[in-house]
Amino acid sequence: MEGAGVQICRTVGTPALRNLDPYLVRRRRAHVVQVTLHNTACTPGWQDASMLPSCRAYMLDELKLPSKQAFAGFPDHPHRGFETCSIMLEGEMEHQDSVGNRGVIGPGGVQWMTAGRGIIHSEMPRVTDGILHGFQLWINLPKKDKMCKPRYQDYQGLVGHCCLPLYSLCMANHAIHVVARPKQAKDIPIASGGDGVSVRVMAGETFGVSGPIKMRNPGMLLDVRLSKGATITQAVPSDWNGFAYVYFGSGNISGTNAKEEHTLVFGPGDHMQATAQPGGELRFLLIAGRPIGEPIVQHGPFVMNTRDEITQAFVDYQNGMLQNPADNPWKDEI
């Protein structure tokens, strides 16, 4: 359970995953395997997490339940020192921060939120019928960016009952921000890798197509969809960390059988290969990034480099100074 009592599926890993830099692992248990990527010098291999000592850590939340069961949502909570990525497949989620900035993510929509020096926001289901299905990932920030200005990169998706003007004004404690009309899910390109291979490119590059989300730390965020028996080969820099999360169907990823709610963590190698079963589709998120290599001190929603910085985050939050009303999170600084 998370937020005000919302049931989620939480993926986890082995002791090696406690710091899958730059992705932030929190605590709980589920099914994970480690896979060795392909290169000219190695053969794919894997290790089942059930054969290793127990570890409660996770990288990715999957939210999949009837919207009515998630009505309580995720009320106001703070963040500092990292980024979140929210991806919606079905249903709608509305986010609103403490100074009046708001947006809605619908089917196909994505929000990349850089908390930076501080955001206090809520995430609440906007529809009461149908299924709510989506994901959230936490990504660390390097020390030089932990106190950067907050930033929203929203791609709305198919949002019902929402008609926004080309430009609107957001007034937050006397600070007026001009907000351009939110981008749409159709602004996230889809790359074709041949027969039966389709990839939504949210960040990074595949098949010569680049994603629109700007990352402060190099990485890739792909939604891979394979039809029956189709195969994809994707380059992954050998010095990056990454994983695949299967959310639909089954198949084989770098020599490992994969099915729904399985996380496959990449080991040594420079590319991965995935094939859908002959009788069905395979859909998974492919997430990878360059390690930051800095100390991580995490306490709940605050992720910094030292304990003193965590203490200061709590002081700022308690004194109402975590989110600066003058910050315009819609303005790009990268």
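Side-chain atoms of Asn217 and Ile139, non-hydrogen and from C-beta on, never get closer than 4.5 Å to each other. In this structure, Cys85 and Leu221 have side chains that are in contact, with non-hydrogen atoms separated by less than 4.5 Å. For the pair Pro301/His77, no side-chain contact is recorded, criterion being any heavy-atom separation below 4.5 Å from C-beta on. At a threshold of 4.5 Å between non-hydrogen side-chain atoms, the residues Ile105 and Val110 do not count as touching. Taking 4.5 Å as the limit, some side-chain heavy atom of Met88 sits within range of a side-chain heavy atom of Leu132. Side-chain contact between Asp154 and Met113 is absent, with no heavy-atom pair separated by less than 4.5 Å. Side-chain contact between Arg200 and Arg225 is present, with heavy atoms from C-beta onward closer than 4.5 Å. The shortest side-chain heavy-atom distance between Thr231 and Gln273 falls under the 4.5 Å cut-off.
Here Thr114 contributes atom OG1 and Phe82 contributes atom CZ; the two are 11.0 Å apart, rounded to the nearest 0.5 Å. The structure places CG of Asn305 at 4.5 Å from NZ of Lys143, a figure rounded to the nearest 0.5 Å. Atoms NE2 and CZ, on His299 and Arg80 in that order, are 14.5 Å from each other to the nearest 0.5 Å. With rounding to the nearest 0.5 angstrom, the CG atom of Asn252 is 9.0 Å from the CG atom of Leu282. Taking CD of Gln312 as the start and CG of Asn319 as the end, the distance is 8.5 Å to the nearest 0.5 Å. Taking CG of Asp97 as the reference point, atom CD1 of Ile119 lies at 6.0 Å (rounded to 0.5 Å).
Cluster annotation: Val197 is connected to Val246 through the hydrophobic network of ILVMFWY side chains, with a link wherever side-chain heavy atoms come within less than 4.5 Å. One hydrophobic cluster, built from ILVMFWY side chains closer than 4.5 Å, cannot hold both Ile120 and Trp330; they sit in different ones. In the hydrophobic clustering of ILVMFWY residues, with side-chain heavy atoms under 4.5 Å counting as a link, Val297 and Met147 come out together. A continuous path of Ile, Leu, Val, Met, Phe, Trp and Tyr side chains, each step under 4.5 Å between heavy atoms, connects Ile253 with Trp240, placing both in one hydrophobic cluster. Hydrophobic clustering (ILVMFWY, side-chain heavy atoms < 4.5 Å, transitive): Ile287 and Leu89 are in one cluster.
Minimum heavy-atom separation, Leu264 to Ala258: CD1-CB, 3.7 Å. In this structure, Met124 and Pro75 approach most closely via the heavy-atom pair SD-N, 4.0 Å. Heavy atoms only, all atoms of each residue included: Ala288 and Val236 are closest at CB-CG1, 4.1 Å. For the pair Gly118 and Pro150, the tightest heavy-atom approach, listed with the atom from each and the gap, is O-CG, 3.4 Å. In terms of heavy atoms, Gly91 sits closest to Pro107 at O-CD, 3.3 Å. Contact record, Leu141 with Arg216: CD2-CD, 3.9 Å, taken as the closest heavy-atom pair.
Under the 6.0 Å cut-off for aromatic ring centres, Phe135 and Tyr247 qualify, their centroids lying closer than that. Taking the six-membered ring wherever Trp is involved, the centroid distance between the rings of Phe248 and Phe284 does not fall below 6.0 Å. Ring pair Trp138/Tyr23: centre-to-centre distance not below 6.0 Å. Between His79 and Phe302, a ring centre-to-centre spacing not shorter than 6.0 Å is recorded.
Using a 4.0 Å cut-off between charged side-chain N and carboxylate O, Lys146 and Glu83 make no salt bridge. Taking 4.0 Å as the cut-off between side-chain N and carboxylate O, Arg283 and Glu281 count as a salt-bridged pair. A salt bridge links Arg117 with Asp327; the closest basic N to acidic carboxylate O contact falls under 4.0 Å.
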side-chain contact (heavy atoms from CB on, under 4.5 Å) evaluation trace for Phe266 with Leu286: CA-CA 10 Å; Phe266 301 150; Leu286 174 56; 3.2 Å; yes

Check against side-chain contact (heavy atoms from CB on, under 4.5 Å), Val199 and Ile190: CA-CA 5 Å; Val199 184; Ile190 298 176; over 6 Å; no

Verdict with reasoning, Thr206 to Gln234, per side-chain hydrogen bond (donor to acceptor under 3.5 Å, both in side chains): CA-CA 7 Å; Thr206 187; Gln234 172 64 41; 2.6 Å; yes

Intermediate values then yes/no, side-chain hydrogen bond (donor to acceptor under 3.5 Å, both in side chains), Tyr245 and Glu62: CA-CA 10 Å; Tyr245 179 74; Glu62 180 177 19; 2.4 Å; yes

Trace of the side-chain contact (heavy atoms from CB on, under 4.5 Å) decision for Gln111 with Gln156: CA-CA 8 Å; Gln111 183 203 58; Gln156 266 195 343; over 6 Å; no

Leu222 and Met220: CA distance, side-chain angles, deciding distance, side-chain contact (heavy atoms from CB on, under 4.5 Å) verdict: CA-CA 6 Å; Leu222 308 176; Met220 68 173 62; 4.1 Å; yes

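Side-chain atoms of Gln318 never come within 3.5 Å of backbone atoms of Val315 as a donor-acceptor pair (strictly under, hydrogens ignored). Put simply, the side chain of Lys149 gets close to the backbone of Asn328: a donor and an acceptor are under 3.5 Å apart. Asn140 places no side-chain N or O within donor-acceptor distance of the main-chain N or O of Leu24, the cut-off being under 3.5 Å. At least one donor-acceptor pair closer than 3.5 Å links the side chain of Gln153 to the backbone N or O of Lys214. Using modelled atom types, no side-chain atom of Asp145 and backbone atom of Cys148 make a donor-acceptor pair closer than 3.5 Å. A donor-acceptor contact shorter than 3.5 Å links the side chain of Asp21 to the backbone of Gly293.
Heavy-atom neighbours of Met321 CE from other residues, nucleotides or ligands within 6.0 Å: at or below the threshold of 12. By the 6.0 Å contact criterion, CG on Asp195 is open, its count of non-hydrogen atoms from other residues, nucleotides or ligands being 12 or less.
Partner of Leu60 under the side-chain contact (heavy atoms from CB on, under 4.5 Å) criterion, chosen from Leu285, Thr263, Ile87: Leu285. Test Pro218, Pro22, Pro237 against Arg290 for side-chain contact (heavy atoms from CB on, under 4.5 Å) and you get one pass: Pro218. The residue from Gln96, Gln136, His95 that alone fulfils the side chain to side chain donor-acceptor pair (under 3.5 Å) condition with Glu123 is Gln136.
Gln323 and His121 share no donor-acceptor pair across their side chains, judged by distance under 3.5 Å alone.
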